[in-house]
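Quick note on labels: first sequence line is chain A, next is B, and so on, each numbered from 1. Keep in mind that the numbers below use all heavy atoms, side chains included, and drop hydrogens, waters and symmetry copies.
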Amino acid sequence: MTAALLVTMLFLQADGPSRVIFPEQSLPLRFSHALHLKKNIACDYCHTKAPESTEARDFLIPAEEACSDCHPIDRAQPFKVAKVAARCDACHPGWQGQGQPPRVSVPTPHLKFNHKIHVSRGIACQQCHGDMTKVELATRAQMPRMATCLSCHVGGTKAPSRCGICHLLQPAGTVQVEYAEGKLAPSGAIRGDAHTPSFRKDHANVARNDEQYCLNCHRKDECLSCHNGVLKPFDFHGNDYVSIHSVDARRDSIKCQACHRLQTFCVGCHQRAGVAQDVSSGLPTAPIMRQIKFHPDGWVQRDLSGQPLTGFKTDPNHHAWQAQRNIRACAACHREQTCLECHMSASMAPLPWTKIKGNNPHPPNWVESGRCSTLVAHNKRVCFKCHATIDNRALACMP
Amino acid sequence: MFFAPLAAASIARAADFEVEAETIGQGYQLRQCDDAGRCDTLLDRRRLTQYLNLHAFRILPDDWTGPRHDRNHLYFTSSLRFDTDFGNYLNAPASGRIPELPRAQSADEFQLLYAVLGGVDMFGFLDFQLGRQIVFDLMDFYSFDGLDVKVRLPWWVALEAWSGLEVRDEAPIASPIYELDGTSRGSRDAATCLRLAVGRPGDPCPDQHDMIAPTFGFAFESWGIQIFHGRLAYRRTFSDTAGRTAGDGLPPQGFNEEKLSYTLNANLGSFRPFGGLRYNLMLGALDQIEGGVKLGFAAGHSVLGEYIYNAPSFDGDSIFNVFAVFAYNDLRLTYTTPELGDGLRMWASGFVRFFNDSTADVHALPACSPMPCTPANPPNNRTATPATDSEAVGVTAGGRYKLSGRGHVRADAYYDNGFGGLRVGGDVSGRYQVVLDKLDLEGRLTLIHFEPDLQKQNGFEATSFGAQAGALYTMTQGVRLHLLVEENNNRYYNYQLRAIALLDLTFLR
């Protein structure tokens, strides 16, 4: 586990700390931590407020007084020569003693942090800020990355792992991600979920594995703003998607189902647009022949009078091939009634508007298969949509 | 009334309230096909959707939530939607084709998408949700009315249990968007009427779809472990048989769903495997497997490899479960660069998908199987193979360039072919904040050629050019207007217009 964390941390070093969490700083200073640490000066000798700090907004950079203990600074003599550096431009490079020196600007990090608690737990400064013995001026680069925090904040008894322990929260309890400096987004170090442009299409492999993880930053209504089946996200579905969508749907409708359900979304629109025409119960003739004009020749076996059009699954265009490969594509236009027109068991009372029935749609050895007995054991009702209750074949695979 | 004691308890601090109203007006045109198979007219569809979302957060006082408001978070969240259609999309003869979807049910719908009283990190170990809620996991998108409780045990394990009623189309103010698929209001139709099975086709058909469907489930989940997350979940949904009478041979009850799923992901530095599988107990088969790994390399290069196995499954009352015989297998590979230079990121991906079929099985069948040979069931030609490919392949490549923090330009090119059809093309899109925090402009150009594989006979192939332009105007804090216009041209129509207007109003207190 330690090795894994170490690798994670090394991986993260390349990116540096977040510019949103730790905004850019202005440090017109010259300073060598390496030199001071070589003289065995303790961190809190200069950073006197750090051990007692309880807020991330506390300004912990030492003021001039801290330096004056060792450096004989005299504001009246900006170019004073002394054994220990005392010239103003020793620390304020380029400043000639006129007016104010260039100001240090360290914006408040967008975090909650309590130095006092960490110091009281015996956590050394370098555990979070790294080895300072080779560092000259400390910058944002010496701020800890999230992976460093997570080496202790793992939940359980060691340290709490709730996001709100460190991150600022919205009223909804989610992490605040919008700042003037930009939008906070995962680096990908924790779950491989870097929000790259392609993540919009690939996010399911993270979200479906652990919904709660996403909900740390996103409210659920944010998910529903896209997954709602009402509005086409223009940056997701391209132009003229209505014309093109059939290619996607035939190939991978499980992704479509993240927003659209076949029987309550697709069918209604397809039938209104005349792309699919449902069997209208009670009509004297079923419009099944009309569908043949949309589908290729050889799509169905017989016409309404029972005359064969092509043989059973022998035509290269026969619908059974497509239905067995991806039945969802069929269900996007048709409801169960369409199938029952021809596939209803011969033992059933005939539908008033068709003479066709008894075309067995089951795969070979269905009765002997465990799948048949499992389905019957769980929901026998589905069998009775095609078979009569007296139909022995419907019950043949009962355990 | 329910909130009365909470209101009394929160004297020390008022809750945060948020009211959102979103109005969406859409107008677009759809090709309509007539009975002769000609698809050269355009239907006008105009749609108005109104959302009203109400939220209350931090309902408990500071004494409970702590100074950082990071525990004992009690909240209420809800979303109401009114959706209606206009235009000749609804008019005869089109609407006459679907008598089971009368206007009252297919338009003018008033839906409660969700309404949840929830708690997060209550007493340091408990999460709960009570009300109409939506669940996203490997099982499916799913909606139910009920209670979900998750307890985090001290040993990096959380136990979750839930129970309630599945939200179905015919439940009061329900939305069918996450209903189990495969059945429809057609349950009343003569063709799917269970009365036929008991030999009483003249009797009124009870509506199986209208029966309440109790659901329950439980899950074991890891928590607090940074390098690993796993979840094992079980869910069952069932319903009584509608209109059953003693001795009619119909079963008293049936399962609509019974599934067991397991997901996991691990973070091993730059090596991050993930995966999941779902066993459909109702069908006795694994119906979903997915696995993959994301590799991260120095300086931010990443590679994502995925494998997906998917066998279609439906509501237990759907005969589509019987027709769905084969699964498909899918392999995907995606490479993404880090941000190069001053904000350029590029990616490329490819997939290959294998659709199984029963060609070998059919060739091996007896001459007239499964029915006896008759004049109406002649011997078969055993040499036929499907006309369409059983594989599909595709590649995509693209890049996005950030424009000094105020926008971006993006370009994508794609080619895919095989089962489903051919599609080749590309598009360029962009967005730019013209006036800081006030006005964004956006646009998209697309050129694409497509040939659906089943429509070759009908010559249904085209090259389409589309252009899109939009503006997002923030009038004041919490008030935004988004306008978009899309215009498409191909050989079927000289112009096909789509326009959308969104007005977002958000009020916070």
Side-chain angles (χ1 to χ4, degrees), chain A residues 4 7-8 11 150 155 161 164 171-173 192 196-198 208-211 229-230 238-240 244 246-247 250-251 261-264 268 271-274 281 290 293 296 311 313-314 316-317 321 324-325 327-328 335-337 340 349 360 363 370-371 374 378-381 384-385 388-389, chain B residues 16 30 32-33 37 49 57 70 73 94 97-98 136 138 176-177 181 184 186 189-192 197 201 224 226 229 249 251 254-255 263 265 268-270 272 282 284 294 312 316 319-320 323-326 336 347 355 370 380-381 384 386-387 392 400 420-421 423 446 450 452 457 464 466 488:
Chain A
V7 174
T8 302
F11 179 68
L150 294 178
S161 61
T196 59
S198 56
R208 281 153 60 96
N209 278 333
D210 187 4
E211 176 195 28
V230 166
N239 294 322
D240 205 13
I244 301 155
S246 65
V247 177
R250 286 239 310 131
R251 190 176 286 155
R261 291 294 149 126
L262 303 165
Q263 300 280 291
T264 52
Q271 293 188 359
R272 283 185 198 284
S281 54
R290 292 187 299 214
K293 289 173 182 164
K313 214 174 172 184
T314 57
N317 284 326
W321 304 114
Q324 292 193 343
R325 284 174 177 174
I327 189 78
R328 287 196 190 98
R335 297 180 300 113
E336 294 169 294
Q337 288 93 316
L340 288 169
N360 186 349
R371 191 170 164 179
T374 305
H378 283 81
N379 190 343
K380 206 162 42 170
R381 283 197 303 254
F384 296 132
K385 289 189 174 178
T389 55
Chain B
D16 293 289
L30 296 166
Q32 185 186 28
C33 302
T49 309
F57 303 116
D70 60 358
H73 181 217
R97 293 198 177 102
I98 42 172
F136 306 147
L138 184 63
I177 56 171
D181 220 336
S184 65
D189 288 353
T192 53
Q226 298 301 336
H229 178 267
F255 284 26
T263 58
N265 56 57
L268 306 173
S270 54
R272 300 188 190 93
M282 194 180 65
K294 188 160 191 178
I319 62 169
F320 293 135
F323 293 96
V325 179
F326 297 107
T336 308
W347 59 87
F355 291 87
N380 291 318
N381 166 15
R400 187 181 74 176
R423 195 170 47 172
T446 304
F450 59 97
Q457 156 179 302
S464 180
N488 299 301

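- Put simply, of B:T446, B:N488, B:D181, B:T263, the one with the most heavy-atom pairs under 4.5 Å next to chain A is B:D181.
- With values rounded to the nearest 0.5 angstrom, A:R251 atom CZ is found 7.5 Å from B:F355 atom CZ.
- In terms of heavy-atom pairs under 4.5 Å with chain B, the best-connected choice from A:T196, A:V247, A:V230, A:I244 is A:V230.
- Closest approach of A:R250 and B:G420 over heavy atoms only: NH2-N, 3.8 Å.
- Between the A:D240 side chain and the B:G466 main chain, no donor and acceptor come within less than 3.5 Å of each other.
- The shortest non-hydrogen separation linking A:G173 to B:H73 is N-CE1, 3.7 Å.
- Here the side chains of B:F320 and A:E336 are in contact, with some heavy-atom distance below 4.5 Å.
- Remark: B:F450 pairs with no residue by the ring-ring contact (aromatic ring centres under 6.0 Å, His included) rule, at least two apart or across chains.
- A:R208 CZ to B:F136 CZ: the interatomic distance, rounded to the nearest 0.5 Å, is 11.5 Å.
- Contact annotation for B:L30: only side-chain heavy atoms (C-beta onward) come within less than 4.5 Å of a heavy atom of chain A.
- Among all heavy-atom pairs drawn from B:F255 and A:N379, the shortest one is O-ND2, 2.9 Å.
- Contact between B:P251 and A:F384 at its shortest, heavy atoms only, is CD-CE1, 3.6 Å.
- No other option in B:G284, B:P312, B:G249 has as many heavy-atom pairs under 4.5 Å with chain A as B:P312.
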